[in-house]
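Shown next, in structure tokens, is the structure this report addresses.
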Amino acid sequence: MPEDLRDPDPETDLARARVDVVLPCLDEAAALPGVLARMPAGYRAIVVDNGSTDGSADVARAHGAVVVTEPRRGFGAAAHAGLLAATAPVVAFCDADGSLDPAELPLVADPVLADDADLVLGRRRTEGRGAWPVHARAANLALAARLRRRTGVPLHDLGPLRAARREALVGLGLVDRRSGYPLEVFLRAAAAGWRVREVDVSYRPRVGRSKVTGTVLGTARAVQDMSRLMREVS
């Protein structure tokens, strides 16, 4: 990430951040205050603005987050920009829409910090009506079944809350910059023999409308991206 795209924060002690939390962001100004307020101690929020027009970047700065600008549209582009901007030994990824509780980040990060796992994924347990649309849940279940058969990893949910060591993630050579990014992380990690663990996390209705799973078209595009990766990543 070019240095001029990052907003330095002189109040942030980078050496004390045990975990950097990457939050890809596209028009999440309404959700960010609540999300950032629940960030655990020792966890540094890196909000990656992916072309917001609602002032998300300013809201993130006002609530203490480091802001990275990624002009290339796509979830993977934003997620990877945050990974490259991170400096903590462990990096976690979390949605910025309020559907996930940042207070639960230690559930995915602690096993990595303790060297008990290389990649920890949050298995979503819904709380509240409408948290997970039926079409998106069905697509996720089908994908998880395919991944279990392919990798032998007992995966049930390719969820958005996850954590791994930064250097190891960078070393995977990730290339997807769209909605297939989380899948590529899992496929390459499994192929490399990583210890993958799944833990239960809360999943609530998001603030605002999802750009992907909130619509059938968005879900279809995500499935298309992931099907391509299933063919390409060996």
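Computed from a predicted structure; not experimentally measured. We number each residue from 1, following the sequence as shown.
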Which distance, rounded to the nearest 0.5 Å, do you find between the [atom1] of [X] and the [atom2] of [Y]?
X: Glu70; Y: Phe75; atom1: CD; atom2: CZ; value: 12.5 Å
X: Leu32; Y: Arg61; atom1: CG; atom2: CZ; value: 11.5 Å
X: Arg197; Y: Asp118; atom1: CZ; atom2: CG; value: 10.5 Å
X: Leu158; Y: Leu147; atom1: CG; atom2: CG; value: 6.5 Å

To check you understand the geometry: which heavy-atom pair defines the closest contact between [X] and [Y], and what is its length?
X: Val47; Y: Ala65; value: CG2-CB, 3.8 Å
X: Tyr43; Y: Pro106; value: OH-CA, 3.3 Å
X: Arg44; Y: Ala17; value: CB-CB, 4.0 Å
X: Ala78; Y: Pro24; value: CB-CB, 3.8 Å
X: Gly55; Y: Ala29; value: C-CB, 4.5 Å
X: Ala109; Y: Val19; value: CB-CG2, 4.0 Å

Does any N or O in the side chain of [X] come within less than 3.5 Å of the main-chain N or O of [Y], such that one atom is a donor and the other an acceptor?
X: His80; Y: Gly76; value: no
X: Arg162; Y: Pro160; value: yes
X: Asn140; Y: Asp157; value: no
X: Arg204; Y: Thr126; value: no
X: Glu184; Y: Val175; value: yes
X: Arg73; Y: Asn50; value: yes
X: Thr151; Y: Val153; value: yes

[X] side chain near [Y] side chain, heavy-atom distance below 4.5 Å:
X: Ile46; Y: Val68; value: yes
X: Val112; Y: Arg165; value: yes
X: Val48; Y: Thr69; value: no
X: Leu155; Y: Arg123; value: no
X: Trp194; Y: Leu172; value: yes
X: Arg38; Y: Asp101; value: yes
X: Leu107; Y: Leu105; value: no
X: Leu83; Y: Tyr181; value: yes

Query raised in the report: How far apart are the C-alpha atoms of Glu198 and Val120, what are their side-chain angles, what is the distance that settles it, and do they pass the side-chain contact (heavy atoms from CB on, under 4.5 Å) test?
Result: CA-CA 6 Å; Glu198 198 171 50; Val120 181; over 6 Å; no

Report task. Indicate, with yes or no, if Val170 and Val196 share a hydrophobic cluster defined by side-chain heavy-atom contacts under 4.5 Å among Ile, Leu, Val, Met, Phe, Trp and Tyr. Result ->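 Same cluster: Val196 reaches Val170 through Ile, Leu, Val, Met, Phe, Trp or Tyr contacts under 4.5 Å.
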
Requested in this report: Before accepting this row, confirm whether a basic side-chain N of the pair Arg195/Asp115 lies closer than 4.0 Å to the acidic partner's carboxylate O.
Outcome: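 Counted as a salt bridge, because a side-chain N and a carboxylate O are separated by less than 4.0 Å.
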
Query raised in the report: Taking it one step at a time, do Arg206 and Asp97 satisfy salt bridge (Lys or Arg N to Asp or Glu O under 4.0 Å)?
Result: CA-CA 5 Å; Arg206 62 157 288 148; Asp97 59 14; 3.2 Å; yes

**Report entry** Single hit among Arg125, His156, Glu104 for side chain to side chain contact (heavy atoms under 4.5 Å, CB included) with Asp200
**Finding:**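 When side chain to side chain contact (heavy atoms under 4.5 Å, CB included) is applied between Asp200 and each of Arg125, His156, Glu104, only Arg125 qualifies.
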
Requested in this report: Check each of Val108, Leu113, Leu169 against Val90 using the side chain to side chain contact (heavy atoms under 4.5 Å, CB included) test, and report the only one that passes.
Outcome: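 That would be Leu113.
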
Query raised in the report: Can Glu28 and Ser56 be counted as having a side-chain donor-acceptor contact under 3.5 angstrom?
Result: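 Per modelled atom types, Glu28 and Ser56 side chains form no pair under 3.5 Å.
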
Query raised in the report: Is it the case that Ser202 and Arg124 place a side-chain donor and acceptor less than 3.5 Å from each other?
Result: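 Looking only at side-chain atoms, Arg124 and Ser202 do not form any donor-acceptor pair under 3.5 Å.
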
Report task. Report the C-alpha distance between Val21 and Phe93 in whole Å, list the side-chain angles of each, state the deciding distance to 0.1 Å, and finish with yes or no for side-chain contact (heavy atoms from CB on, under 4.5 Å). Result -> CA-CA 6 Å; Val21 184; Phe93 296 83; over 6 Å; no

Query raised in the report: Can you list the steps and then say if Leu26 with Asp49 is a side-chain contact (heavy atoms from CB on, under 4.5 Å)?
Result: CA-CA 6 Å; Leu26 176 59; Asp49 183 34; 5.8 Å; no

**Report entry** Residues Leu23, Met39; criterion side-chain contact (heavy atoms from CB on, under 4.5 Å); working and verdict
**Finding:** CA-CA 11 Å; Leu23 298 111; Met39 201 65 57; 4.2 Å; yes

